Enquirer: 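Before anything else, here's the structure in question.
Letters go in sequence order (proteins before strands), and every chain restarts at 1. Keep in mind the model is a prediction, meaning the values are calculated, not measured.
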Amino acid sequence: MMRTHTCGELRAAHAGTTVTLCGWVQNRRDHGGLTFVDLRDRHGVTQFVVEPDAPQAARDEAAKVRLEWVVRITGVVRARPTESRNKDRATGEVEIVVTAFEVLNAAEPVPVALAAGERSGEDQELKYRYLVFRRPEMREALLRRARMNHVVRDHMVTRGFTEVETPSLLRSTPEGARDYLVPSRVHPGSFYALLQSPQLLKQLLMIGGMDRYWQIVRCFRDEDLRADRQPEFTQLDVEMSFCDESDVQDVAETLVHRLLKEIAGVDVPRPFPHVTFSDAMERFGSDKPDLRFGLEVRDVSEIVRESPFVVFHDVVAAGGVVRAIAVPAKHAFTRKDLDSLRTVVADRGAKGVAWCRIAEPDWTGPAAKHLSPAMRAALVQATGAETGGTLLFVAGTREIAIPATGDLRLHLGSHFGLRDPKSFAPVWVDQFPLLEWDADGKRWNACHHPFTAPLAEDVALLASDPGKVRARAYDLAMNGLELLGGSIRIHQPEIQASMFRLLGISDEEAQARFGWFVEALRYGAPPHGGFAAGMDRLAAVLAGLTSIRDVIAFPKTAAATDLMTGAPSTVDGKQLAELGIRLV
RNA sequence: GGGGACGUAGCUCAAUUGGUUAGAGCACCGGACUGUCGAUCCGGAGGUUGCGGGUUCGACCCCCGUCGUCCUCGCCA
């Protein structure tokens, strides 16, 4: 046995016992006669003291060690004198009087900063990821994620779901994201695609009568990266039979509630609120609204329609909208702040932000002079603007003004410090449209995916007015992020066929690409639905982090490379020849 | 593919308008020190300023190219 205890468990009650601990030297303080060594492992940090009467060999070794050396130390636990206890450390009430000191491995100076709260350059941290694991924040992130997975497993098993593993090597499908392709050696010229999502596989499990399925599964998509997007990411995938929206949402909501309570330590009230997609867009300018704060958006097009202000007048006359946010008096703006708002909405194509102050006795600011007394009264009524507050306006087409005000609202929330990472506001968004018009491709696209069922009362509209059809789809948003999304699926082959036709996929094409799945719908497919949750984003948001890299052990760079191993890399001509591949 | 920020010692950063020998903290090396916990004190070593080219009497600084990291738009059913 190499050690009797870990570096996190010794307390005053252990006083008098002889212990042996192993770990990394976190710090060494040499006072000449006395030397202190802080020893760290993943459980904590324990202080050792090498006293003048320690064996000479132990004193020599202790004098030799440097940061991050790996050592094994034996000694006697002693309660520290009251005045030298360390309250910041769980083991701070004891120290270990060293009797033996063995160096297991020396270490060169490490190329990343390891102390709590410190960061090195991101490239450095990716290259030397294994060293970053020694830092408390990263260690906590991995431990927290493991606890999260444990809660998920417990929840799904308790709820009667069966864990089924599905393949990663699949047939490429044309819809969706770009595939990662894997060449077949046995069939030169043919390729597998790495799994983008087990969507159809889990529907087949339902058709097979598995009733309730779940899996934590790695998915792959060859698209450009973001702070919250990696080429491979982890989903919690869930599907259940003979259910409606409320059954699925209950499973997801109770799980998220448990995770918030057991991982983030926050007891969020249930049931979570619901908002329809159209309300979410109207009130928050987003289909994943951040409900931690107000500052809701209001459409004031009708109020300012007759304003002499050309920006308002012309936009409304051309069928566009004017949208407003009333900022309460307690949130002060400098003139510079107001000017900088233009760049916030410019990303969405909006021209700028008009504003006025609800001052006494008269409104001030550039927009004020264009607003008649009647308009002002109506604006106050519509937006809840208060005296001393500020009204912000964004004008443009619906496609521009709605997301622009959504961005503006989030910017204001951040600017005024209203987006507390330690508070959580989950909200269901439902009644998404089934389809959206792709103006470039001149065709309909599935908002969720092509297997999402339309709302029963809207099915008749599929032929007449597809854009009006609502989907039996639902997202759970929290703090401005999409945590999970799901739907009730199409289980009737005729509806699935008409869905493909609407999406511009011919019967022949559908047969060629999805025939294996569509055929399954003919052999007794039960009504079913489910959801998929992004575990990386969930882990990040529960920890109050914005980058999922911080909760992934070995993440890739924004260019999808692995700085540690150097992937992707070229391969031997021999390997390519075996696969029948020649580089161009 | 587009836009933006950044790249200086092992690590984190500084360096005035383009001007003397590119500095500091930590780490590392040597020394002192019996209660520290970011120990302290004395001394030392450590630099192709990412790389290549250009402008200039003179470039960490300006220009061009290139490589890398991050953010973002497009993209992500």
Enquirer: Hey, which of these two, A/Gly33 or A/His449, hits RNA chain B nearer its 5' end, going by closest nucleotide?
Expert: A/Gly33
Enquirer: Measure the distance from NE2 on A/His411 to P on B/rU72 and round it to the nearest whole Å.
Expert: 16 Å
Enquirer: Distance check, P atoms only: B/rG23 and B/rA45, in whole angstrom units.
Expert: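 My reading of the P atoms in B/rG23 and B/rA45 gives 13 Å.
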Enquirer: How would you label the contact of A/Gln196 with the nucleic acid (heavy atoms, under 4.0 Å): base, sugar-phosphate, or nothing?
Expert: nothing
Enquirer: Does any donor atom in the side chain of A/His43 or A/Glu9 lie under 3.5 Å from an acceptor atom in the other side chain?
Expert: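 No, A/Glu9 and A/His43 have no side-chain donor paired with an acceptor closer than 3.5 Å.
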Enquirer: What is the distance, to the nearest angstrom, from the CH2 atom on A/Trp69 to the C1' atom on B/rC28?
Expert: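 So the two atoms are 12 Å apart, to the nearest Å.
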Enquirer: Nearest of B/rU34, B/rA77, B/rC11 to any side-chain atom of A/Pro111?
Expert: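 It is B/rC11.
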Enquirer: How many whole angstroms separate atom CZ of A/Phe500 from atom C1' of B/rA77?
Expert: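 That distance rounds to 11 Å.
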Enquirer: Just call it for A/Arg135: base, sugar-phosphate, or nothing, with non-hydrogen atoms closer than 4.0 Å on any strand.
Expert: nothing
Enquirer: When you compare B/rA22 with B/rC61, how far apart are their P atoms, in angstrom units rounded to a whole number?
Expert: 14 Å
Enquirer: Using purine N1 to pyrimidine N3 plus N6-O4 or O6-N4 for Watson-Crick, or N1-O2 and O6-N3 for G-U wobble, each under 3.5 Å, what pairs with B/rC70?
Expert: B/rG4
Enquirer: Nearest of B/rU72, B/rC76, B/rC70 to any side-chain atom of A/Ala227?
Expert: B/rU72
Enquirer: Which base sits across from B/rC61 as a Watson-Crick or G-U pair, both distances under 3.5 Å?
Expert: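 Looking at the geometry, B/rC61 pairs with no nucleotide.
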Enquirer: Please confirm whether any donor atom in the side chain of A/Asp224 sits under 3.5 Å from an acceptor in the base of B/rC75, or the reverse.
Expert: no
Enquirer: In whole angstroms, how far is the P atom of B/rG38 from the CZ atom of A/Phe36?
Expert: 12 Å
Enquirer: Please report the distance, rounded to the nearest Å, between CZ in A/Arg66 and P in B/rG30.
Expert: 6 Å
Enquirer: Counting any heavy atom closer than 4.0 Å, what does A/Ser84 reach on the DNA or RNA strands: base, sugar-phosphate only, or nothing?
Expert: base
Enquirer: Relative to the 5' end of RNA chain B, which residue comes earlier, A/Asn445 or A/Leu563, by the nucleotide with the nearest heavy atom?
Expert: A/Leu563
Enquirer: If I pick the C1' atom on B/rA27 and the same atom on B/rG65, what distance separates them, to the nearest angstrom?
Expert: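 Each nucleotide's C1' atom is 36 Å from the other's.
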Enquirer: Closest to the A/Leu34 side chain: B/rA27, B/rG35, B/rC11?
Expert: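 For the A/Leu34 side chain, the nearest candidate turns out to be B/rG35.
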Enquirer: For a quick check of understanding: with a heavy-atom distance under 4.0 Å over all strands, which category does A/Asp222 fall into, base, sugar-phosphate or nothing?
Expert: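 Contact class for A/Asp222: none.
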Enquirer: Reckon A/Glu122 touches a base, only the sugar-phosphate, or nothing at all at heavy-atom distances under 4.0 Å?
Expert: sugar-phosphate
Enquirer: Think A/Thr557 has a side-chain N or O under 4.0 angstrom from the OP1 or OP2 of B/rU69?
Expert: yes
Enquirer: Given B/rC76, is OP1 or OP2 found less than 4.0 Å from the side-chain N or O atoms of A/Ser197?
Expert: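 No, outside the criterion.
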Enquirer: Tell me which nucleotide, if any, is Watson-Crick or G-U wobble paired with B/rU21 when both distances must be under 3.5 Å.
Expert: none
Enquirer: With a 4.0 Å cut-off on N to O distance, would you call A/Arg40 and A/Glu68 a salt bridge?
Expert: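 Yes.
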Enquirer: Mind calculating the distance between CZ (A/Arg28) and C1' (B/rC26) to the nearest angstrom?
Expert: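 In whole Å, B/rC26 C1' and A/Arg28 CZ are 15 Å from each other.
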Enquirer: Taking donor-acceptor contacts at under 3.5 Å, does the side chain of A/Gln124 reach the base of B/rU69?
Expert: no
Enquirer: Of the listed nucleotides (B/rC70, B/rC76, B/rC11), which one gets closest to any side-chain atom of A/Arg229?
Expert: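 From the listed options, B/rC76 comes nearest.
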Enquirer: For a quick test of reading the model: is some side-chain N or O of A/Arg226 closer than 4.0 Å to OP1 or OP2 of B/rC75?
Expert: no
Enquirer: When you compare B/rG1 with B/rG58, how far apart are their C1' atoms, in angstrom units rounded to a whole number?
Expert: 40 Å
Enquirer: Quick one: CG on A/Leu418 to CG on A/Leu410, what's the gap to the nearest 0.5 Å?
Expert: 11.0 Å
Enquirer: Ignoring hydrogens and angles, are the base of B/rU36 and the side chain of A/Arg80 linked by a donor-acceptor pair under 3.5 Å?
Expert: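 Flag set: donor-acceptor pair detected.
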Enquirer: Does the side chain of A/Gln431 come under 3.5 Å of the side chain of A/Arg470 through a donor N or O and an acceptor N or O?
Expert: yes
Enquirer: What are the two closest heavy atoms between A/Gln496 and A/Phe451, and how far apart are they?
Expert: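 A/Gln496 and A/Phe451 have their closest heavy atoms at OE1-CD2, 3.5 Å.
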Enquirer: Across all strands, who's sitting opposite B/rA32 as a Watson-Crick or G-U wobble pair, both distances under 3.5 Å?
Expert: B/rU40
Enquirer: Go through the N and O atoms of the side chain of A/Arg348 and the base of B/rG74, and report whether any donor-acceptor pair is under 3.5 Å.
Expert: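 Answer is no: no donor-acceptor pair is held.
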Enquirer: With a 4.0 Å cut-off, would you call A/Glu482 and A/Lys288 a salt bridge?
Expert: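 The answer is no: the pair does not qualify as a salt bridge.
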Enquirer: CG of A/Asp38 versus C1' of B/rG35: gap in Å, rounded?
Expert: 13 Å
Enquirer: Please state whether the base of B/rG10 and the side chain of A/Glu108 form at least one donor-acceptor pair under 3.5 Å?
Expert: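 Donor-acceptor pair under 3.5 Å: no.
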Enquirer: Taking the ring of A/Phe500 and the ring of A/Phe514, is the distance between their centroids below 6.0 Å?
Expert: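 A/Phe514 vs A/Phe500: aromatic centres under 6.0 Å.
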Enquirer: Indicate, with a heavy-atom threshold strictly under 4.0 Å, whether A/Pro52 touches base, sugar-phosphate, or nothing.
Expert: base
Enquirer: Are any of the side-chain nitrogens in A/Arg28 or A/Asp30 under 4.0 Å away from the carboxylate oxygens of its partner?
Expert: yes
Enquirer: Among A/Thr99, A/Thr20, A/Thr18, find the residue that satisfies the side-chain hydrogen bond (donor to acceptor under 3.5 Å, both in side chains) test when tested with A/Thr74.
Expert: A/Thr20
Enquirer: How far does the P atom of B/rG35 sit from the matching atom of B/rU40, given to the nearest Å?
Expert: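 Rounded to whole Å, the distance is 15 Å.
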Enquirer: What does A/Pro450 touch in the nucleic acid at a heavy-atom separation under 4.0 angstrom: a base, only the sugar-phosphate, or nothing?
Expert: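 Since a base atom lies under 4.0 Å of A/Pro450, the category is base.
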Enquirer: For B/rC29 versus B/rU66, give the span between their P atoms, rounded off to a whole number of Å.
Expert: 43 Å
Enquirer: Hey, does A/Thr343 reach any base, or is it just sugar-phosphate, or nothing, if we go heavy atoms under 4.0 Å?
Expert: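 Contact class for A/Thr343: none.
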Enquirer: What's the gap between B/rU8 and B/rA77 when it is taken at their P atoms, as a whole Å value?
Expert: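 37 Å, rounded to whole Å.
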Enquirer: With a 3.5 angstrom cut-off on both distances, give the Watson-Crick or G-U wobble partner of B/rU56, or none if there isn't one.
Expert: none
Enquirer: What integer number of Å spans the C1' atoms of B/rA9 and B/rU49?
Expert: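 About 10 Å, rounded to a whole number of Å.
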Enquirer: Which whole-number value in Å describes the distance from A/Tyr128 OH to B/rU69 C1'?
Expert: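 One finds 15 Å between C1' of B/rU69 and OH of A/Tyr128, rounded.
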